[in-house]
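Worksheet: one structure, shown below.
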Amino acid sequence: MEHHHLYDGGENDYMQQEDDWDRDLLLDPAWEKQQRKTFTAWCNSHLRKAGTQIENIEEDFRDGLKLMLLLEVISGERLAKPERGKMRVHKISNVNKALNFIASKGVKLVSIGAEEIVDGNAKMTLGMIWTIILRFAIQDISVEETSAKEGLLLWCQRKTAPYKNVNIQNFHISWKDGLGFCALIHRHRPELIDYGKLRKDDPMTNLNTAFDVAEKYLDIPKMLDAEDIVGTARPDEKAIMTYVSSFYHAFSGAQKAETAANRICKVLAVNQENEQLMEDYERLASDLLEWIRRTIPWLENRVPESTMHAMQQKLEDFRGYRRQHKPPKVQEKCQLEINFNTLQTKLRLSNRPAFMPSEGRMVSDISNAWGALEGAEKGYEEWLLNEIRRLERLDHLAEKFRQKAAIHEAWTEGKEGMLTKKDYEVASLSDIKALLKKHEAFESDLAAHQDRVEQIAAIAQELNELEYYDSPSVNARCQKICDQWDSLGAMTQKRSEALQKTEKLLETIDQLYLEFAKRAAPFNNWMEGAMEDLQDTFIVHTIEEIQGLSTAHEQFKATLPEADKERQAILGIHNEIAKIVQTYHVNMAGTNPYTTINPQEINAKWDKVRQLVPQRDQALIEEHARQQNNERLRRQFASQANIIGPWIQTKMEEIGRISIEMHGTLEDQLTHLRQYEKSIVNYKPKIDQLEGDHQQIQEALIFDNKHTNYTMEHIRVGWEQLLTTIARTINEIENQILTRDAKGISQEQLSEFRASFNHFDRVSTAHSNTLHSAQSKQHDVCACSRTRTSWDHSGTLGAEEFKACLISLGFDIANDAQKRTGMMDGEDFHTCLISMGYNMGEAEFARIMSIVDPNRLGVVTFQAFIDFMSRETADTDTADQVMASFKVLAGDKNYILAEELRRELPPDQAEYCIARMAPYTGPDAVPGALDYMSFSTALYGESDL
């Protein structure tokens, strides 16, 4: 027969009076009554979880079945299979299994055997139940450095300390007035008891109030009677401890639930904030891409306007776009990149997967769309300027066409009538001869005008090729001139044949008239050409061109004396004719039969030429002054651009050095960068002044500037890149501060990380240039390139640099395999060092690179570097921790109900969970059960929400 003894605490010997059980197994009757009621209520508070209860404590445990069930409920473990027989031996076997289980939990039993329990020994049964209560309800209580009874007592003292009329020193008389029980309830649930109305001299009311409230609101059964406690000089200590332990477990469970709920709230708040940031990014990205989509077709529209004014209006619209519409979008693009980087940093700090924008809204998609926009801008501005040049030339050619056509039409006026006259039919012989000579002179004149007709046709052809808007009227006029010219040719030929027909009748001709006609016609053509040249419009773009025109004009003026001699000679011939006619009384009808040119016309045209010369002088002088003013504008723009361009380059380099060289704390760097940003923004008036100079240049139609290599577009792009770079650099420092504070990195650690990073930040010349091009679009602001050295601090680490940096910081990972070739070249020696602990294997290194370089760019930024260095010791929430917290709220169930979420969590976060949790489908599922396990993994990207 097995025989056990009552509880012997060993090193936890906290029940001195247990010897009483061993000695005489006698109890004070009042105490026994209190223990029966308390222990019975305590047992039933656990047995009801299994759907049963006891009525008589010494009778209902005799067969051992409910005793084993009680132990299973309170321990959460399965006992050996009980005997179902009704015989005494079966009952003793079951009780022994229960006692053996108690002993297996480290409890030493003295002076008790299974037979006493089977026989219904009340004292032994109460002693056994008290042993169970001590082991499973009191022993594990721990407050500060105390445990079990002392721990429970200290817990009561701490919780009732604020109540001056409560002094808990033991587990008997300190509780007689009932205020201790009421103070415990009021401390944890002040809404349940109006403590201010309780009186120390009314223990019955106090005790009954506490017992009723505990039973109704705290699910603690009524284990004591107020009459027994008040009527006993020293209430039973075991009964009081048992009842008080129920308060401890009830309130400590609520504290755990509150802690679990707080953890969930924290995790859900982070998740909700991140989701809002993601939605903001998607919305801003969509708006920016939509604006780019609408703008590019406008910039790609190459339908030319027909007039200079309309094209200049297009240029003005483009300037308005660059100054007013685009700059805010540049800011939006920069802010979008900053928001994206901040979101990714917060996701890393909260142990969440990286944010992947929806298709078509990646940062790279926005950059590509922006690049297409800038490409369209450049092509559009070039097209505008080319169209303006084309229209300018078209206007010049059209005016030239009209002048030549007007001169030619004036010349041809009356020619058809002259050629169709039949005067030779009634003329005398001398008249016929005169008509023949006159016709010969006309043919000479006609040939002289052939060049002008060809020029008119060539100009009309060029206007057609340049798509002149009024080409139909030009073509019609040109065609009329050509048709008339052909007609004149045909009529000339016909008259010539008619005159030749009567040539036999011609005997004499006045040589002087003929000589006059032959010399007057070329001179007349020369004067008409001179007048045409003197009135010809011109367009120049440089001082050298206007100086060339002035030189040609001076050369023309130098020929005037010789021309005047020719004029005098021609007039002399006419005077000689007049003298001969007067002398010999020759009847010549008063006109030269060989030409229509007369001395008055020659003199009038000569006077016109002399009048046009000073007008030409004045036009050239004014144009020279305009070109000098253009040159002044060029120099004025160049003087400012040659200062602003290098200033932008210098500021870009200084910002790069500040972000790489770590002087002082991150806050110092941030303050320094913001001061730089302020100084850069204060420089904006000079950019605006340069824009004004640039507008004057464009309005003056100046298309080149040899005094500077900087264009306004270079300055604009450099300025925008400078503003973007300072904003991005400030954001990087802010993210480093966020990482440092979130990860608990000290300034010394951060300095060590930066020093190691800078030491291994080595980039070869070719790789550096490639990397620089990949990170930001290179604008030729300085019109020259810089040679990068092999130790150029680019702000990022290549794969090999990052590997060496990790080794220098003490990371040691075994190599994959040693190559066996029989000799050791440089690569073999490098691999050997790795295997000896001086380096790391390629596979492990590839795993680390996938963490710090998820986009596989082949480089490691400082932000990714410090993220990696701090993540090993980071105390961040995990999916398992959140799952465990939900399990607490669910009461250890594998599922959770909506009402449990609404009871423990704030309303918005409770509804957030309910909307996203999948229904639970396990074998123990009930209606409305929710799967908190898959939801917890989804929060950390291990599954889908």
We want to know whether Tyr932 and Glu900 form a side-chain donor-acceptor pair, criterion being a heavy-atom distance below 3.5 angstrom. no
CH2/Trp42 to OG1/Thr40 distance, rounded to the nearest 0.5 angstrom? 11.5 Å
Considering non-hydrogen atoms only, spot the tightest contact between Gly180 and Val166 and give its length. CA-CG1, 3.9 Å
To the nearest 0.5 Å, what is the distance between NZ on Lys197 and CG on Asp202? 14.0 Å
Side chains of Val95 and Met68: closer than 4.5 Å at any heavy-atom pair? no
With a 3.5 Å cut-off and no angle check, do the side chains of Asp236 and Gln35 form a donor-acceptor pair? yes
Search all heavy atoms of Cys156 against all heavy atoms of Phe171 and return the closest pair with its distance. SG-CE2, 4.4 Å
Would you call the rings of Phe886 and Phe935 parallel, tilted or perpendicular, where under 30° means parallel and over 60° means perpendicular? perpendicular
Sidechain-backbone polar pair: Asn206 side chain, Ala210 backbone, donor-acceptor under 3.5 Å: no
Provide the closest heavy-atom pair for Lys346 versus Asn274 in the form atom of the first, atom of the second, distance. CB-OD1, 4.0 Å
Is Met204 close to Glu227 at the side-chain level, that is, under 4.5 Å between some pair of heavy atoms? yes
Using a strict threshold of under 4.0 Å (side-chain N to carboxylate O), is an ion pair present between Asp219 and Arg48? yes
Of all heavy-atom pairs linking Ile229 and Lys176, the shortest is O-CE, 3.5 Å
Please check if any side-chain donor atom of Asn170 sits under 3.5 Å from a side-chain acceptor atom of Ser174, or the reverse. yes
Around atom NZ of Lys216, are there more than 12 heavy atoms of other residues, nucleotides or ligands at under 6.0 Å? no
Please round to the nearest 0.5 Å and tell me the distance separating atom CG of Leu277 and atom OG1 of Thr342. 8.0 Å
Rounded to the nearest 0.5 Å, the CD1 atom of Ile168 sits from the CG atom of Leu153 at a distance of 8.0 Å
Without hydrogens or angle criteria, can the side chains of Asn167 and Gln169 be said to hold a donor-acceptor pair below 3.5 Å? yes
One should read off an interatomic distance between Met356 CE and Gln344 CD, to the nearest 0.5 angstrom, of 8.5 Å
Is there a side-chain contact between Arg84 and Leu65 in this structure, where contact means two heavy atoms from C-beta onward sitting under 4.5 Å apart? yes
Sole candidate of Lys91, Arg62, Arg88 that passes side chain to side chain donor-acceptor pair (under 3.5 Å) when paired with Asp119: Arg88
Interatomic spacing from CE in Met278 to CD in Glu273 - rounded to 0.5 Å: 10.5 Å
Can a donor-acceptor pair be found, under 3.5 Å and without considering hydrogens, that links the side chain of Lys66 to the backbone of Gln53? yes
For residues His186 and Tyr163, establish whether the separation of their ring centroids is below 6.0 Å. yes
